[in-house]
2 protein chains.
Amino acid sequence: MPDTPPPAKTRAPGRRASITVHDVARLAGVSAITVSRALNTPAQVSAETLQRVRDAVQRTGYVPNLLAGGLRSSKSRLVAAVVPTLAGPVFLETIEALTAALAERGYQLMLGQSGYADSREDALLDAIIGRRPDGIVLTGVMHTPDARQRLLACGIPVVETWDLTPTPIDMLVGFSHKRIGEEVCEYLHRKGCRRPVLISGDDARARRRHEGFVRAAARLGMTGATATVPTWWVPAPAKLPGGREGLTRLLAEHPGLDGVFCSSDLLALGVLTEAQARGLSVPRDFAVVGMGDLDFAASLHPALTTVRIDGTRIGRTSAAFIVDRAEGRAVAEPVVDIGFALVERHSA
Amino acid sequence: MPDTPPPAKTRAPGRRASITVHDVARLAGVSAITVSRALNTPAQVSAETLQRVRDAVQRTGYVPNLLAGGLRSSKSRLVAAVVPTLAGPVFLETIEALTAALAERGYQLMLGQSGYADSREDALLDAIIGRRPDGIVLTGVMHTPDARQRLLACGIPVVETWDLTPTPIDMLVGFSHKRIGEEVCEYLHRKGCRRPVLISGDDARARRRHEGFVRAAARLGMTGATATVPTWWVPAPAKLPGGREGLTRLLAEHPGLDGVFCSSDLLALGVLTEAQARGLSVPRDFAVVGMGDLDFAASLHPALTTVRIDGTRIGRTSAAFIVDRAEGRAVAEPVVDIGFALVERHSA
DNA sequence: ATGAAAGCGCTAACAC
DNA sequence: GTGTTAGCGCTTTCAT
């Protein structure tokens, strides 16, 4: 037996002490730091020692306490992601890819929901910064100046996603919502649409697409005398019933409408459903364009024309950015516009 | 000025030191521990001191390092959740409720994806246990004996969800998938269905519903000579196209089918879509029952008859269980069957 | 109501 | 290649 038994230390009453590096070290007949090296930088340890340490780890069932390691090395290997909500399945693909890409590199995702209101953002930010994550991924750009300020101050790498801004906090992986609005409008115009209407969730990004659409419509002479496009707004997150109701209302006031751009595929599914229920035929009676290319879009009847965003790429790119930064590598091109694709199917 | 300037300590080269309790304490003219108490247990601190500390916190922009606190107090205020995947929107409601309920109480969610294969579960478990979370929420019950063993050994409170088992690791919030299969079958039988078919994702829980359905069908004499129910299996996570293809295939082999039970509302949407594309009428030509009552189910045309699971309640209950345990309160009834509800709409 | 000392479990820095 | 020492930032314990 090497030396002194472990001294009785401060210890929470009920809980049994868990196994530490020292326990493993004693069993392997080496020092604690050698165990640490064997696990983190095995190249620095002789083959024989390595084997002994691994055996000891196996026998004890030791799992390193990453909180303690993180505290000392100021690397938490934790990345925070903030989404407005999980309920609209829009960000799912991004979160899924992010989680997977981070896990591959030994990082773990912490999830926070900000809601669509700014108010909770502040408390959430405290909770996040308090864990000293190695990075923060925001869906959408950060709005309140206060929050921006704190994010800037704490020095944690930040990736804003799903949007573009001339003034990013740090890194950015996004695309132009205004351009989407414009391109969809131009597309509908080419298809012969002259009386478009909009059904839109009222979150910041959908409003930008709306703006782009209306502007293009005015330019193309699709707005009539009012210089605007009839719009039905639904509270975010937009869901199917909003689409059904939107179509009903818009049809009542604008029976001649010949195209609908929805701010989400879910709304578009609602429109398709309502049309079907009314015996209307899409695209013969009017065109429908969705947004998001959610997984059901291609399989609907008619297959939905929509705007595809590569959510997986957003997630993966964000993960790469954060990890590069965390490991001291510079990110060459920290602001990326990943664009979008108008996917032509049969609904328009 | 109180006393000695802070000694130059070990410090990572590039990074600026962040503000600590000591900085705040010095500014407020108190000791570090008093700052800690002012923030965590304000009742123990005099009103005047409290004010001084709060001012100092404000002025410095101090955000406590929860990793450090967690290390000392062995309370990480972190809860891990494991889902097979985020892609099927089935667990979304649970994760959303869980995140929200935890945030309310000052806990944060860590998300892990296990995939539907058991292989990654082990690595994921290490990553999770390494962070010493105050609790682990599993969607589905834990299968591999190895994983069960480690979970049991590490002493972290565990909630298994979305399923029932006679041998839970610890706590459980679920419902009986077999009963769902049976009840749906009985329901279809009452509605006059005699030639049912199944479209099912091939994950463990869907298979249990399948089993329940087949058993009830046999009992009710709905299976013909084969004592089984024609089934189209789709790989998990089940999506809409699987429903379309499933109906196509089943219709080809069993043109007399008069009812379809789908293991997910997404599959049911596929079935409805395919039926519509073929000019078939639901429920006149055959009945369709989904599973999950996803948010679009009620608004489809025809409105989808389905099985409702209260995912929000699962999330909230799990959060409450974990927090109670973490804060030393016993959970009176740690195994809960929350049941399910067959929601009758128009598709059956 | 407040403080001093100790140490949670790990790893950076510096020996050897 | 391996060990010693110290300390990450906080909170527990014990004293006043």
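Every chain is numbered from 1, with letters handed out A, B, ... down the list of sequences.
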For T34(B), side chain to side chain donor-acceptor pair (under 3.5 Å) partners two or more places apart = S31(B)
Got a sec, which pairs hit side chain to side chain donor-acceptor pair (under 3.5 Å) with one end in residues 152-174 of chain B, sequence neighbours left out?
-> T94(B)-W162(B), D163(B)-R208(B), T165(B)-T167(B), D170(B)-R325(B)
What one should report as the nearest heavy-atom pair of P157(A) and I322(A) is O-CD1, 3.9 Å
Shortest non-hydrogen contact between D23(B) and S18(B), atoms and distance = OD2-O, 4.0 Å
Within the pair T34(B) and dG3(C), is there a side-chain N or O less than 4.0 Å away from OP1 or OP2?
-> yes
Taken in chain and number order and not counting sequence neighbours, the residues that satisfy side chain to side chain donor-acceptor pair (under 3.5 Å) with T85(A) are E96(B)
Does T20(B) put a side-chain nitrogen or oxygen below 4.0 Å from OP1 or OP2 of dG9(D)?
-> no
Could you list by number each residue of residues 36-47 of chain B showing a heavy-atom separation from DNA chain C of less than 4.0 Å, or answer none if no residue does?
-> R37(B), Q44(B), V45(B), S46(B)
Would you mind reading off the distance between I33(A) atom CD1 and dC10(C) atom C1', rounded to a whole angstrom?
-> 8 Å
Within residues 30-39 of chain A or reaching into it, pairs that qualify as salt bridge (charged side-chain N to carboxylate O under 4.0 Å, His left out) - sequence neighbours excluded = none
Specify the separation, in whole Å, of atom CZ of R72(B) and atom C1' of dC10(D).
-> 9 Å
Near DNA chain D, which residues from residues 50-62 of chain B have a heavy atom under 4.0 Å away?
-> Y62(B)
Using whole Å, report how far CG of L67(B) lies from C1' of dC10(D).
-> 11 Å
Quickly work out the R26(A) CZ to dG3(D) C1' distance and round it to whole Å.
-> 16 Å
Mind calculating the distance between CG (N65(B)) and P (dC8(D)) to the nearest angstrom?
-> 12 Å
CG of L71(A) versus P of dG7(C): gap in Å, rounded?
-> 17 Å
Output side-chain donor-acceptor pairs under 3.5 Å for residues 97-111 of chain A, partner residues at least two apart or in another chain, one line each.
from: T99(A); atom 1: OG1; to: I95(A); atom 2: O; distance (Å): 2.6
from: Y107(A); atom 1: OH; to: E327(A); atom 2: OE2; distance (Å): 3.1

Separation of atom NE2 in H22(B) from atom C1' in dA4(C), rounded to whole Å = 11 Å
With sequence neighbours left out, what residues match D55(B) under salt bridge (charged side-chain N to carboxylate O under 4.0 Å, His left out)?
-> none
Between dC10(C) (P) and I19(A) (CD1): distance, integer Å | 10 Å
For R52(B), what residues pass the side chain to side chain donor-acceptor pair (under 3.5 Å) criterion, not counting sequence neighbours?
-> E48(B)
Starting from the 5' end of DNA chain D, give me the residue, T49(A) or V63(B), whose nearest nucleotide shows up first.
-> T49(A)
